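One structure below.
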6 protein chains.
Amino acid sequence: MNGLTHLDDQGQARMVDIGGKQATKRQAVASGRIRMNPQALAAIRDGDAPKGDVLAAARIAGIMAAKKTGDLIPLCHPLALDAVTLDFAFEDGALRVTATASLTGKTGVEMEAMTATSIALLTIYDMTKALDKGMIVDEIRLLSKSGGKSGDWTAATA
Amino acid sequence: MNGLTHLDDQGQARMVDIGGKQATKRQAVASGRIRMNPQALAAIRDGDAPKGDVLAAARIAGIMAAKKTGDLIPLCHPLALDAVTLDFAFEDGALRVTATASLTGKTGVEMEAMTATSIALLTIYDMTKALDKGMIVDEIRLLSKSGGKSGDWTAATA
Amino acid sequence: MNGLTHLDDQGQARMVDIGGKQATKRQAVASGRIRMNPQALAAIRDGDAPKGDVLAAARIAGIMAAKKTGDLIPLCHPLALDAVTLDFAFEDGALRVTATASLTGKTGVEMEAMTATSIALLTIYDMTKALDKGMIVDEIRLLSKSGGKSGDWTAATA
Amino acid sequence: MNGLTHLDDQGQARMVDIGGKQATKRQAVASGRIRMNPQALAAIRDGDAPKGDVLAAARIAGIMAAKKTGDLIPLCHPLALDAVTLDFAFEDGALRVTATASLTGKTGVEMEAMTATSIALLTIYDMTKALDKGMIVDEIRLLSKSGGKSGDWTAATA
Amino acid sequence: MNGLTHLDDQGQARMVDIGGKQATKRQAVASGRIRMNPQALAAIRDGDAPKGDVLAAARIAGIMAAKKTGDLIPLCHPLALDAVTLDFAFEDGALRVTATASLTGKTGVEMEAMTATSIALLTIYDMTKALDKGMIVDEIRLLSKSGGKSGDWTAATA
Amino acid sequence: MNGLTHLDDQGQARMVDIGGKQATKRQAVASGRIRMNPQALAAIRDGDAPKGDVLAAARIAGIMAAKKTGDLIPLCHPLALDAVTLDFAFEDGALRVTATASLTGKTGVEMEAMTATSIALLTIYDMTKALDKGMIVDEIRLLSKSGGKSGDWTAATA
């Protein structure tokens, strides 16, 4: 037993069989941030329309990516999401993205929240890279999950 | 002028017009890592088949994601990639992914390298999250780019 | 309160949370038409094989587009459709498309019927534009919907 | 000869062979509108953030749909677009969408402009249908095209 | 009555309405093989890493294709798969792929198992065609299905 | 050297770099068939509308699948196809599909022709499986390819 649920006894990739699991209400929250120079951050934060549109584009990209998770991550199940939301927060030298996904189903939505976060961050990168090619995406992690047999979980330092 | 090339004078999102640009040989290298506990890292590194399959799945996921970049990042152009490769390296408490993308075309492949890196990291997360829910993806950044009118660029500390 | 269910209190886009809604039988019917010159219309209507194939292609395109609705319309939920059908009718100087979509689920299928109609019309445009570049697509609307908490609805003049 | 370039002599669907055509600079402009009641129109136009976000979402949806045209319209060639832009204009009782697509290639981008227009309009419909289920999408048409062997073309009444 | 459930009385394509069917546990197993010359077969079988990676890539491609079945086969319903697994077996002069798909739902997963098998075989073809362009894919068939109103079925000679 | 061009020296999957290759006119022809019982074959062949629609759907599915090849086969390059055509022929106890793909580009279109053939065959299977669950897809192979540095090739017995 290798402890990796996506691999069978011979170590071969497989979709975990969720046929016997109960459909319950599940939610996951993930977060990450993109660090950038003051000029890039100001262009997003201080501009009127630009700010609206950069974040609006990142938000739409994140929501649409959450729906594509099963198409991107090889062993993820295709899921019928109940809801996805993205929030943005300006930090010192960085812009933070937090994504919340939920469904009533047989498996969790951690990967949907992680994927929404990652693609929203990459969209921000794409739309500001003319101002700062050295931006760094980091701290992408699961903050919490609820529902399902394994129960609730919250990140240690979240 | 707001300096954000994806926004026009009214701050509205647009695909930058690359119609007048020259098709040249372009390459981009991006990298990122996923930090995890020793148990999870060992399950990937020390297992025989499991290790092969986790990295193989992440590699395939990253290559396929590079081809989907224009479908994920709203303002990216659809590109005819010449090549994509992914490399993995075990670090202290982390697994590093490096992706290289290249094409002969009118715009750069930074986003393709960044997307391949991000989706490969998320695939590793998905396949090992049973062992460590607290894994953190970080240091996703562009390492270098070459080709195009703006010339070559290398990250400061890479 | 702005009355736009896809926007939260700050006007930010979100997927409406359908987690608390009941799964009921729902159906939606949409329709639209494409106006074209007599030559183009006759090429579709009077030809033997061509007529069959233009409408067959439009029908397949519409059905496949209905399944892609969640991938095209940013805030639509991905849905497990029970059925989609498309019907065509020749009118005076126009070809009409009517699409019916149904599912047993927590949200309606109006957008699936509207998307199937629109893409079927665009497919007809694409396949006959060599005969008439000035074709006009119009009257795309919801004709009726049934099921769900908001109850049945029928367009005023349908 | 049936005059339908997507059908061969037996009336069977085919992708037109563009192998012998020259790659030239091509552009297409399409437009359409969505008619709605004053309440819905005001919610988009007068709101501060809501207005920004509805149009921003429609803009992103239209741009992304243009890139998916070859995946939606059965006989369209997959194209490497140079640029796509969407513009919105408030009219009396309606909101107008105009999309411009361009590429340097062997076939035209009419369908990309038409698809961007249609999906942007459907996105507006989706985001305001809580206020007016009876909205009507109409006047979707090609306004002009330039480039290619068949030369420039402008709609009669545009 | 023509006996073809995907065609209505006028012979027009439609998605069969599954709205009135019961959600039951369903499974389907499909298989197929690719015949190749000894050099190509040995390169897959005897190589250390290459063997791992060719089969790993084919496995991932097959699993991802199963999830795309509704996007590829025009009249298939989009399905929420519970599980997909792929197995490989070396035969005399051939490599066999067997795919098993399951879900709890209102329609069967035969096409998911057939599609996973086919795309896995094409991936093997793609990755070994440099060694043998004359490879032949054959014997793709359904081996068994269970669940649903039509009951269990096993191929005659399987 | 393992002779498998998709694997590097360590046997790791990669997209072959086509950056240094010439764009030339290339074509590939693939074929395959589906064997079925007389009842199923007659339902396709003798029906009037049904026959048209089954083959029309399979033709559209095959053409659309050719355009998705790079999305399905992990290491295939995304290609800008010039043309795709599908032909059907009734044989004794079987229906044959032949697909021809062409482009002007840096790599061949064998996989596009093979994928179009396979998905067209699966579509026929899906639309007739109510009449014969035991249908067998076989003889999927490349018949010929032309263009490119490796030159022309024709299958031994084609």
Side-chain angles (χ1 to χ4, degrees), chain E residues 2-7 10-13 32 34 39-40 43-44 47-54 56-58 60-61 64-65 68-69 71-76 110-111 114-115 118-119 121-123 125-131 133-142 145 153 155-157, chain F residues 2-7 10-13 32 34 39-40 43-44 47-54 56-58 60-61 64-65 68-69 71-76 110-111 114-115 118-119 121-123 125-131 133-142 145 153 155-157:
Chain E
N2 48 48
L4 294 172
T5 54
H6 286 81
L7 302 174
Q10 285 79 48
Q12 294 165 338
I34 179 166
Q39 182 194 8
I44 300 176
D48 278 312
K51 171 182 166 184
D53 257 13
V54 173
I60 296 296
M64 296 183 85
K68 288 197 185 87
T69 302
D71 200 38
L72 293 169
I73 310 298
L75 304 179
C76 274
E110 295 97 310
M111 294 315 299
M114 293 286 285
T115 301
S118 299
I119 298 299
L121 288 165
L122 291 180
T123 299
Y125 182 98
D126 179 49
M127 293 178 75
T128 50
K129 68 180 189 290
L131 295 174
K133 280 189 188 58
M135 289 177 291
I136 297 177
V137 172
D138 65 8
E139 294 186 11
I140 301 178
R141 63 191 306 192
L142 186 66
K145 68 181 283 291
W153 179 88
T157 61
Chain F
N2 48 48
L4 295 173
T5 52
H6 287 79
L7 302 175
Q10 285 79 46
Q12 295 164 337
I34 179 165
Q39 181 195 9
I44 301 177
D48 276 314
K51 171 180 163 185
D53 258 12
V54 174
I60 296 296
M64 294 183 86
K68 289 196 184 88
T69 302
D71 200 37
L72 293 168
I73 310 298
L75 305 179
C76 274
E110 295 97 313
M111 293 315 300
M114 293 286 284
T115 301
S118 299
I119 298 299
L121 288 165
L122 291 180
T123 298
Y125 182 98
D126 179 49
M127 293 179 76
T128 50
K129 67 180 188 289
L131 296 174
K133 281 190 187 57
M135 289 178 292
I136 298 177
V137 171
D138 65 7
E139 294 187 13
I140 301 177
R141 65 193 303 194
L142 186 67
K145 66 180 286 287
W153 179 89
T157 62

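Values in this document were obtained by computation on a predicted structure and should not be read as measured data. So that the names make sense, note that chain A is the first sequence line, chain B the second, and so on, each numbered from 1.
If you measure heavy-atom distances from F:Met135 to chain E, the contacts under 4.5 Å come from the backbone alone. With a 4.5 Å cut-off on non-hydrogen atoms, F:Gln39 does not touch chain E at all. Contact annotation for E:Thr123: both backbone and side-chain heavy atoms come within less than 4.5 Å of a heavy atom of chain F. For chain E, no part of F:Thr69 is nearby; none of its heavy atoms comes within less than 4.5 Å.
Checked against salt bridge (charged side-chain N to carboxylate O under 4.0 Å, His left out), E:Asp71 has the following partners two or more places apart in sequence or in another chain: C:Lys68. Residues satisfying the salt bridge (charged side-chain N to carboxylate O under 4.0 Å, His left out) test with F:Lys133, not counting sequence neighbours, are none.
The minimum heavy-atom distance linking F:Asp53 with E:Ala13 is given by the pair OD2-N, 2.9 Å. Here the closest non-hydrogen pair linking F:Ala57 and E:Pro74 is O-CG, 4.1 Å. Looking at every heavy atom in both residues, E:Leu122 comes nearest to F:Met111 through O-CE, 3.2 Å.
Note that CD of E:Glu139 and CD of F:Glu139 are 11.0 Å apart. Values are rounded to the nearest 0.5 Å. Expressed to the nearest 0.5 Å, how far CZ of F:Arg141 lies from OH of E:Tyr125 amounts to 9.0 Å.
Put simply, the side chain of F:Ile140 reaches to within 4.5 Å of the side chain of E:Ile140, judged on heavy atoms. You'll find the side chain of F:Ile73 reaches within 4.5 Å of the side chain of E:Ile119, heavy atoms only.
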Stepwise side-chain contact (heavy atoms from CB on, under 4.5 Å) check, E:Val137 with F:Val137: CA-CA 9 Å; E:Val137 172; F:Val137 171; over 6 Å; no
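The greatest number of non-hydrogen atom pairs below 4.5 Å with chain F, out of E:Glu110, E:Met114, E:Met64, E:Lys145, is found for E:Met114.
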